[in-house]
Structures are given as structure tokens and as C-alpha cells.
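Okay, so here's the structure we're looking at.
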Amino acid sequence: MPAYWLFKSEPDSFGFDRLEREGRTEWSGVRNYQARNFMKAMRVGDLGFFYHSSTKEPGIVGIARVTRDAYPDFTARDPKSEYFDPKATDEKPIWEMVDVAFERYLPRFVTLAELREHASLVETMVLLRKGSRLSINPVTKREWGIVLRIAERPAA
DNA sequence: GCCAACGTTGGC
DNA sequence: GCCAACGTTGGC
């Protein structure tokens, strides 16, 4: 039984089109404990919405699939990386990452504003919580289905 | 560019 | 352990 997630990414640094081109990527650079813990809970086969943030029209563009369980994020041990963390060691890597693969585009882009129009999502979806800044969010099966149904309808 | 919300740091 | 200061995220 796969679990559902949401991955935030800035399209200017790593957009969904790039994941499609490259097929798969390492989700490194997460430096938030809550987000890290969500990645530790991920299992191969889990699915996640791919969300574009910090852009003109934020929203969900597609679906990615987890292809590798969490393992130490080596960028934390690389002094040349912008994600270098001097506190990370081989024994205690602190930060972890998963691998994700391109799964498919949604039938159409679903904007953040449109998600907010659905009371049933606003009530529960972590992404829509006031002040939510988590780069990795859990998504319930119910929320997953609602978003898919929205994406299958023509834009309002 | 503004700013609210949040997480982290560090002095005490 | 408290909490003010600071840095970051991310929508608008």
C-alpha cells in the first residue's frame, strides 16, 4: 500500500520538465528535520505530487515516484556543496535523501489558488496550512484522489 | 519587494 | 530551558 507525498521544487532550479528529461534524480539538500523525517518514512513505490513553488503561478504539475528508500545525503559532507553541513559526519550523517523518478504529468496543471477553492482540501492539506513552508508534505489518500479529480476536469 | 510564518541559534 | 534575534521560505 503506497503512501502519498508532495515534493516542492522551484522550477527555476529544478522543474518537473527536467525530471522528465532526466528520468530520475536524487532529492538531496533537504535541511529541515520534519521534511527529513517524512523522507525516512518513504518507501520505494510511494507516489508524490510535484509542486512548483516560488514562481508566478505555484501549483501541482505532475507525479513522481520514490525509487530508493532514504539514505545519507552526501551533499551534507561535501564542503563544496551549498548544502554542506559541518555537523554531519559519516557516523551521523544527520540528513537523508531519497531518489525519485518521473511518473507522469497531471492531465493539466492545478494551481495553488484552485486548490484553495476546495474546502475539503483546505481543511486538511498540509500544503494549504497557513504559514506552511515544508518542502516535503504528507498527502492523504483522500486528498490524493481529490486533486486527481480536479486535474481531470477542465480548468474553471 | 514586502512581509507573515516558521525553524534555528545562541546568550543567559 | 527560555526566548529574542536572525535567516529562510514562499505567496502575493
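Being a predicted model, the structure only gives us computed values, none of them experimental.
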Working for side-chain contact (heavy atoms from CB on, under 4.5 Å), residues A:Thr55 and A:Glu10: CA-CA 7 Å; A:Thr55 183; A:Glu10 301 186 13; over 6 Å; no
Apply salt bridge (Lys or Arg N to Asp or Glu O under 4.0 Å) to A:Arg153 and A:Glu114, showing your working. CA-CA 12 Å; A:Arg153 304 203 292 258; A:Glu114 195 179 354; 5.8 Å; no
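A close approach under 4.0 Å does not occur between any side-chain nitrogen or oxygen of A:Lys130 and OP1 or OP2 of B:dA4. Applying the 4.0 Å criterion to OP1 and OP2 of B:dT9, one finds that A:Lys87 has a side-chain N or O inside that range.
Taking the six-membered ring where tryptophan is involved, the planes of A:Trp27 and A:Phe14 are perpendicular, since the angle between them exceeds 60° and thus also 30°. Under the 30°/60° scheme for interplanar angles, the aromatic rings of A:Tyr33 and A:Trp95 are found to be tilted. The aromatic rings of A:Phe38 and A:Trp5 sit tilted relative to each other, their planes meeting at an angle between 30° and 60°.
The side chain of A:Leu112 has C:dC12 as its nearest neighbour among C:dC12, B:dG7, C:dG10. The side chain of A:Arg133 lies closest to C:dT8 when the candidates are C:dG10, C:dT8, C:dG11. Taking only side-chain atoms of A:Arg116, from C-beta outward, the nucleotide of C:dG10, C:dC12, B:dG7 with the closest atom is C:dC12.
Each of A:Phe109, A:Tyr51, A:Phe50 was compared with A:Phe16 under the ring pair (Phe, Tyr, Trp, His ring centres under 6.0 Å) criterion, and only A:Phe50 meets it.
Contacts between residues 48-58 of chain A and DNA chain C, defined by a heavy-atom separation under 4.0 Å, are made by A:Tyr51, A:Ser53, A:Ser54, A:Pro58.
When the P atom of B:dG7 is taken as reference, atom CG of A:Leu134 falls 7 Å away, rounded to whole Å. A:Ile60 places its CD1 atom 12 Å from the P atom of C:dG11, with the value rounded to the nearest Å. Atom CD1 in A:Ile136 sits about 15 Å away from atom C1' in C:dT9, given to the nearest Å. One interatomic measurement links the two molecules: CG of A:Asp12 to P of C:dT9, which rounds to 14 Å at whole-angstrom precision. The interatomic distance linking A:Asp85 (CG) with C:dT8 (C1') rounds to 16 Å, in whole Å. For the pair A:Arg31 CZ and B:dT8 P, the interatomic distance rounds to 12 Å; values are reported in whole Å. If you measure from atom OH of A:Tyr33 to atom P of C:dT9, you get 15 Å, rounded to the nearest angstrom. Taking atom CG of A:Asn137 as the reference point, atom C1' of C:dT9 lies 13 Å away to the nearest angstrom.
By the 4.5 Å heavy-atom criterion applied to side chains, A:Asp73 and A:Glu96 are not counted as neighbours.
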